Colleague: 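The structure's right below; bear with me while I get my questions together.
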Amino acid sequence: LKPSLEPRGQGTLIVKPYPYRHTSMWLAMSPAVCGFLVLLALPVAAFPALRSETQASSRTATRHKRTRKDSQGMREEAEFLCLNSVGCPVLEHSWGRIVASDPETGRSQTFKDVQVWPGGAREWDWSRHDTHHDPGMQAADVSDVQNWRQEVGTGTLPISGVILSQGVDGALQVQNEAVEAAKTTFGVSDDDVRVMKTEDGVAYWNQQMAAKENFAGLFHSTC
């Protein structure tokens, strides 16, 4: 069927569309309207891809909680992973909290006490090995850092130094077994294991991150 011409007053002709409703609708649309609809459709079409990319990035950059079972039941321990192992995480300390952040993504995670390594950090839960201020940090606390590294696939990255925090005021003892565990676990010398108060230790850690050095550490945020 062909469209027909129908005369109307003052020399105007009206084009009568094909007798198909959907075809008539599209023929009646101006190019501007069609262009507008295309622009509306683009974000909708792109949304699944953008969402998938964001989710993948989030999975790579951070795991907020890891669950473990102990004698008291299930416990959740916060964990943070950087996109890259070099120069991350950067630490920030205030009383009762240590924030690990990724300078590349801007993501961060807050801890009370924390075990850190190149590319990641995890809550230092003292109840895991029944750790107390006295007699202090144990070999098992230090060995855990290597265990976490192996779990996330960075356990073979060489470590050039270890920081063992005594707390803000030096109330946390660091047992000789913890120092020895740092040396044997990470293959570093006596001079490469630094026992420091928390504020000094955090500052030194960030210096090493800026210098792209690979360090491990345990930090206590209070006394």
Side-chain angles (χ1 to χ4, degrees), residues 42-68 74-126 128 141-165 181-182 185-188 192-194 196 198-221:
L42 283 175
V44 176
F47 179 74
L50 291 174
R51 182 177 60 185
S52 299
E53 181 180 348
T54 301
Q55 290 175 339
S57 176
S58 177
R59 285 194 300 269
T60 304
T62 179
R63 297 177 185 174
H64 291 292
K65 296 289 183 181
R66 184 182 289 270
T67 303
R68 70 174 177 87
M74 302 300 293
R75 289 181 178 270
E76 284 190 338
E77 296 175 345
E79 183 181 74
F80 180 79
L81 299 179
C82 304
L83 283 179
N84 294 303
S85 298
V86 179
C88 185
V90 174
L91 301 181
E92 178 184 347
H93 169 257
S94 59
W95 184 270
R97 63 197 297 266
I98 296 174
V99 180
S101 61
D102 186 338
E104 186 172 346
T105 65
R107 290 189 175 93
S108 64
Q109 178 78 45
T110 299
F111 304 88
K112 180 179 184 294
D113 301 306
V114 67
Q115 298 162 313
V116 288
W117 61 89
R122 185 165 172 176
E123 181 180 347
W124 179 14
D125 185 351
W126 287 22
R128 177 181 285 272
D141 295 314
V142 178
S143 299
D144 277 345
V145 181
Q146 179 62 15
N147 294 335
W148 309 152
R149 295 179 67 214
Q150 291 175 338
E151 283 188 9
V152 300
T154 61
T156 60
L157 193 66
I159 296 295
S160 56
V162 182
I163 301 172
L164 305 179
S165 162
T185 300
F186 299 108
V188 297
D192 295 324
V193 179
R194 296 176 177 266
M196 313 173 75
T198 298
E199 291 183 353
D200 293 336
V202 167
Y204 187 73
W205 173 274
N206 289 335
Q207 290 174 9
Q208 302 311 307
M209 294 301 99
K212 310 301 182 186
E213 294 289 342
N214 295 325
F215 263 60
L218 294 89
F219 294 90
H220 177 43
S221 67

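Remember, predicted model here, so these are calculated numbers, not experimental data. Any value given below was found using the heavy atoms of this structure, including those in side chains, with hydrogens, waters and symmetry copies removed.
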Colleague: Without hydrogens or angle criteria, can the side chains of Ser165 and Thr198 be said to hold a donor-acceptor pair below 3.5 Å?
Modeller: yes
Colleague: Can you confirm whether Val162 sits close enough to Phe215 that some side-chain heavy atom of one is under 4.5 Å from a side-chain heavy atom of the other?
Modeller: no
Colleague: Which atom names give the shortest non-hydrogen contact between Ala181 and Ser143, and what distance separates them?
Modeller: CB-OG, 4.5 Å
Colleague: Measuring only between side-chain heavy atoms, which start at C-beta, is Val193 closer than 4.5 Å to Leu164?
Modeller: yes
Colleague: When you compare the side chain of Arg194 with that of Tyr204, does any pair of heavy atoms fall below 4.5 Å?
Modeller: yes
Colleague: Just how far is it from atom CG of Asp102 to atom CD of Gln109, taken to the nearest 0.5 Å?
Modeller: 12.5 Å
Colleague: Is the closest basic N to carboxylate O distance between Lys112 and Glu123 below 4.0 Å?
Modeller: no
Colleague: If you count the non-hydrogen atoms of other residues, nucleotides and ligands that lie under 6.0 Å from CD in Glu199, is the total more than 12?
Modeller: no
Colleague: Are the side chain of Arg149 and the backbone N or O of Leu157 linked by a donor-acceptor pair below 3.5 Å?
Modeller: yes
Colleague: Is there a side-chain contact between Val116 and Leu91 (heavy atoms, below 4.5 Å)?
Modeller: yes
Colleague: How far apart are the closest heavy atoms of Cys82 and Gly120, and which atoms are they?
Modeller: SG-N, 4.3 Å
Colleague: Applying side-chain contact (heavy atoms from CB on, under 4.5 Å), run through Asn84 and Glu104 and close with a yes or a no.
Modeller: CA-CA 8 Å; Asn84 294 303; Glu104 186 172 346; 2.5 Å; yes
Colleague: Should the pair His220 and Trp126 be assigned to parallel (<30°), tilted (30 to 60°) or perpendicular (>60°) ring geometry?
Modeller: tilted
Colleague: Shortest non-hydrogen contact from Ser101 to Ser108?
Modeller: CB-CB, 3.8 Å
Colleague: Kindly say whether Gly155 contributes a backbone atom to a donor-acceptor pair with the side chain of Gln146 at under 3.5 angstrom?
Modeller: yes
Colleague: Without swapping roles, check the side chain of His93 against the backbone of Ser221 for a donor-acceptor pair under 3.5 Å.
Modeller: yes
Colleague: In the structure I gave you, are the side-chain heavy atoms of Cys88 and Pro103 within less than 4.5 Å of one another anywhere?
Modeller: yes
Colleague: Are the charged groups of Arg97 and Glu92 less than 4.0 angstrom apart, N to O?
Modeller: no
Colleague: Where do Ala182 and Val188 come nearest, in terms of heavy atoms and distance?
Modeller: O-CG2, 3.7 Å
Colleague: Under a 3.5 Å distance rule, please check whether Ser160 uses its side chain to pair with a backbone N or O of Asn214 as donor and acceptor.
Modeller: yes
Colleague: Tell me whether Asp113 contacts the main-chain N or O of Asp125 through its side chain, where contact means a donor paired with an acceptor under 3.5 Å.
Modeller: no
Colleague: Check whether any side-chain heavy atom of Phe219 sits under 4.5 Å from a side-chain heavy atom of Trp205, and report yes or no.
Modeller: yes
Colleague: If you define the side chain from C-beta out and look only at heavy atoms, does anything of Trp148 sit under 4.5 Å from Gln115?
Modeller: yes
Colleague: Would you say that Phe80 contacts Val114 through its side chain, given a criterion of any heavy-atom pair below 4.5 Å between the two side chains?
Modeller: no
Colleague: Could you walk me through whether Trp124 and Asp144 pass the side-chain contact (heavy atoms from CB on, under 4.5 Å) test, one step at a time?
Modeller: CA-CA 9 Å; Trp124 179 14; Asp144 277 345; over 6 Å; no
Colleague: Could you walk me through whether Trp117 and Arg122 pass the side-chain contact (heavy atoms from CB on, under 4.5 Å) test, one step at a time?
Modeller: CA-CA 9 Å; Trp117 61 89; Arg122 185 165 172 176; 3.8 Å; yes
